[in-house]
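Below is one structure, written out as structure tokens; comments come after it.
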Amino acid sequence: MCGIVGYVGEEQAAPILLEGLAKLEYRGYDSAGIAVRNETSGDISIVKAKGRLKILSEKTDNGRSVHGTCGIGHTRWATHGEPSENNAHPHCTDDKSVVLVHNGIIENYQELKDKLVKSGYTFYSQTDTEIAVKLVDYYYKKTGTPLEALTRSMLRIRGSYAFGVMFHDHPGKLFAARKDSPLIIGRSSSGSLIASDVPAILDKTRHVYYIDNMEIAELTKDEVHFYNIDREEIQKEIVEIKWDAESAEKGGYEHFMLKEIHEQPKAVQDMIGAYVKDGAIDFSEVGLDDAALKEFERIYIVACGSAYHVGMAGKYVFEDLARIPVEVDLASEFRYRNPIVAPNSLVIIVSQSGETADSLAALRLMKEREVPVMGIVNVVGSSIARESDYTLYTYAGPEISVATTKAYSTQLIAMYLLAIQAAKEKEMIDDDRYAELLAEMETLPSKIQKTLDDKERIQWFASKYANARDIFFIGRGLDYAISLEGSLKMKEISYIHSEAYAAGELKHGPISLVENGILVVGVLTQSDLFEKTLSNMVEVKSRGAYLMGLTTYGNYNIEDTADFSVYVPKTEEYFTTSLAIVPLQLMGYYVSVAKGLDVDKPRNLAKSVTVE
Ligand code: F6R
């Protein structure tokens, strides 16, 4: 979604803003702009462009033609008003007394606009951001202080926002404020920075402050001050980001997605290493002791997209292994259906970004009801990470490609770890079984690697199906959870219509869609369900489907039915999702490449969905 970068310091701002915005490209955007103040003339130049950042870079000679050491930049993903130069940020007042960039959505924009029009303001764009900048200006003209102008505006605005603001009368200063939209402040050797996401400033610094809701930061080249909504100064601790800048680069791969698929063995290894110590699972970092885990009688897993699919896989593992009932919900449904949460329940919110609007709203709803919430989160310091009672980080490192891969894989590990520990605490498994499960989990990184080593076959197969119109994925139990994720990977980056069906449901409707030549991918990693799914495959084959079978080494009889077979190493059946998903990620990736699509930034999608 939209991205914000700001800089005030000793260096020229424009190149830093453009480089930072380029690091945020993965979030998805349709236009971009920068505003830089020239210290000599005092003027603020604003340059904007519709489309890719490279157009903005060309317009500004890579930032060299815009002089000044203080500025703000933005990549916009249209919500109010079409993608256009006019609607792109930064927005400003007619006299450029206030210039502002904004992420988020202002819900009461019409009401505020009516008020501002009555006060003589004119509007030139269709954005809610123009209302924000003019509201700040209105209060600035009334009060004469940026801090009061911002706090008064924040109290009037309903919705979510992260703002980066420059005031013409305050040279060498940037202001930032936020509510429900991420924003961090960095300190580097040459100055101070703002950013909506860590990768934007990793090249400059790894030392950041997190601004909380309804707080304001005032930045100069030498220092940063923080204030609450009552304009009282507050102290904050600087945090060191452990990710290095390199992990946010492509590192020789053609696309971030391919790089991230290949990083899965390491991500999974890091994840296991973080929580398994001396042959036992240790959640002390999460703040969850084993006694507390034992007391939970029911679990609700709430998430969106792929993270929801992790919840689906988690349900099968938890229920079978620990015998704890689990409900899995889409966050966008859960938050609006007045959910009944039984006593002694744990709600688990799964989110790579930690900023997904619906997941965050579900978390807050549960906190209002005093239900304990665990966040399984990748982005350190994100809203879900900070607001959860227990935060289980996933150690996947920065994930840049819009389609998630390595974060999904580490989220699965989080599910296994929780289920195994709960099973042990509830005495559903003995010490030997516990040790056996952990030992097998430790083999997953090398087994994922082995699956990756087979990628040429998938590449060849994907090129054959690049022009498919529809693809179906079928499976039962955990294989259904894998199918859901495989299907999402396919549709989101290849734009081929695909659906996942619980194989047993085919006869209840979907089978009527099967026609000659249609590709059906059968997932069969669960031995007790193998025959059942195989017979569903035979049914679709007899109606003309072309079959791909995905199973474990040894199940070679699948070749009697499937036209093309893919094998993954054998593992404990609870863990097969971690292996079987890899060929499906690769298949989506290679189909997208074969079609010449923008793999890392699929159309209409954003990496972090901070608006509902
Ligand atoms: C799909 C994908 C999305 C996300 C979903 C939730 O590849 O990435 O479906 O899984 O938008 O995002 P997070 O995990 O950031 O809450």
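Numbering of ligands and ligand atoms starts at 1, following listing order.
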Ligand 1 atoms in contact with [X] (distance to a heavy atom under 4.0 Å):
| X | result |
| --- | --- |
| Val402 | 8 (O) |
| Lys489 | 1 (C), 7 (O) |
| Ser351 | 13 (P), 14 (O), 15 (O), 16 (O) |

Centres of the [X] and [Y] rings: under 6.0 Å?
| X | Y | answer |
| --- | --- | --- |
| Tyr253 | His262 | yes |
| His102 | Tyr161 | no |
| Phe472 | Tyr501 | yes |

May I ask whether [X] has any heavy atom positioned less than 4.0 angstrom from an atom of ligand 1?
| X | answer |
| --- | --- |
| Asn378 | no |
| His309 | no |
| Ser608 | no |

Which atom pair, heavy atoms only, marks the closest approach of [X] to [Y]?
| X | Y | value |
| --- | --- | --- |
| Lys406 | Ala396 | NZ-O, 2.8 Å |
| Glu285 | Tyr395 | OE2-OH, 2.6 Å |
| Leu17 | Gly6 | CD2-CA, 3.8 Å |
| Asp128 | Gly104 | OD2-O, 4.0 Å |

Identify, for [atom], the protein heavy atom at the shortest distance, and state residue, atom and that distance.
| atom | answer |
| --- | --- |
| atom 5 (C) of ligand 1 | Cys304 O, 3.6 Å |
| atom 14 (O) of ligand 1 | Gln352 N, 2.6 Å |
| atom 7 (O) of ligand 1 | Glu492 OE2, 2.6 Å |
| atom 11 (O) of ligand 1 | Val609 CG2, 4.2 Å |
| atom 16 (O) of ligand 1 | Thr356 OG1, 2.4 Å |
| atom 10 (O) of ligand 1 | Ser306 N, 3.1 Å |
| atom 15 (O) of ligand 1 | Ser353 OG, 2.6 Å |

Indicate, as side chain, backbone, both or neither, the part of Glu355 found under 4.0 angstrom from ligand 1 when only non-hydrogen atoms are considered.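 No part of Glu355 is near ligand 1 at this cut-off.
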
Checking the N or O distance criterion of under 3.5 Å, is ligand 1 in contact with Ser359?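 No - when backbone and side-chain N and O of Ser359 are compared with those of ligand 1, no distance drops under 3.5 Å.
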
Flag Gln411 as yes when one of its N or O atoms lies below 3.5 Å from any N or O atom of ligand 1, and as no otherwise.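 Between Gln411 and ligand 1 (N or O atoms, distance only) the closest approach is not under 3.5 Å.
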
Before you tell me yes or no, could you show the steps for Trp460 and Tyr465 under ring-ring contact (aromatic ring centres under 6.0 Å, His included), namely the whole-Å CA-CA distance, both residues' side-chain angles and the distance that decides it to 0.1 Å? CA-CA 9 Å; Trp460 168 81; Tyr465 271 88; 9.5 Å; no

Ring geometry between Phe461 and Phe564 (parallel below 30°, tilted from 30 to 60°, perpendicular above 60°):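 Phe564 and Phe461: parallel rings.
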
Is the shortest side-chain heavy-atom distance between Val520 and Ile471 below 4.5 Å?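 With C-beta onward as the side chain, the pair stays apart.
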
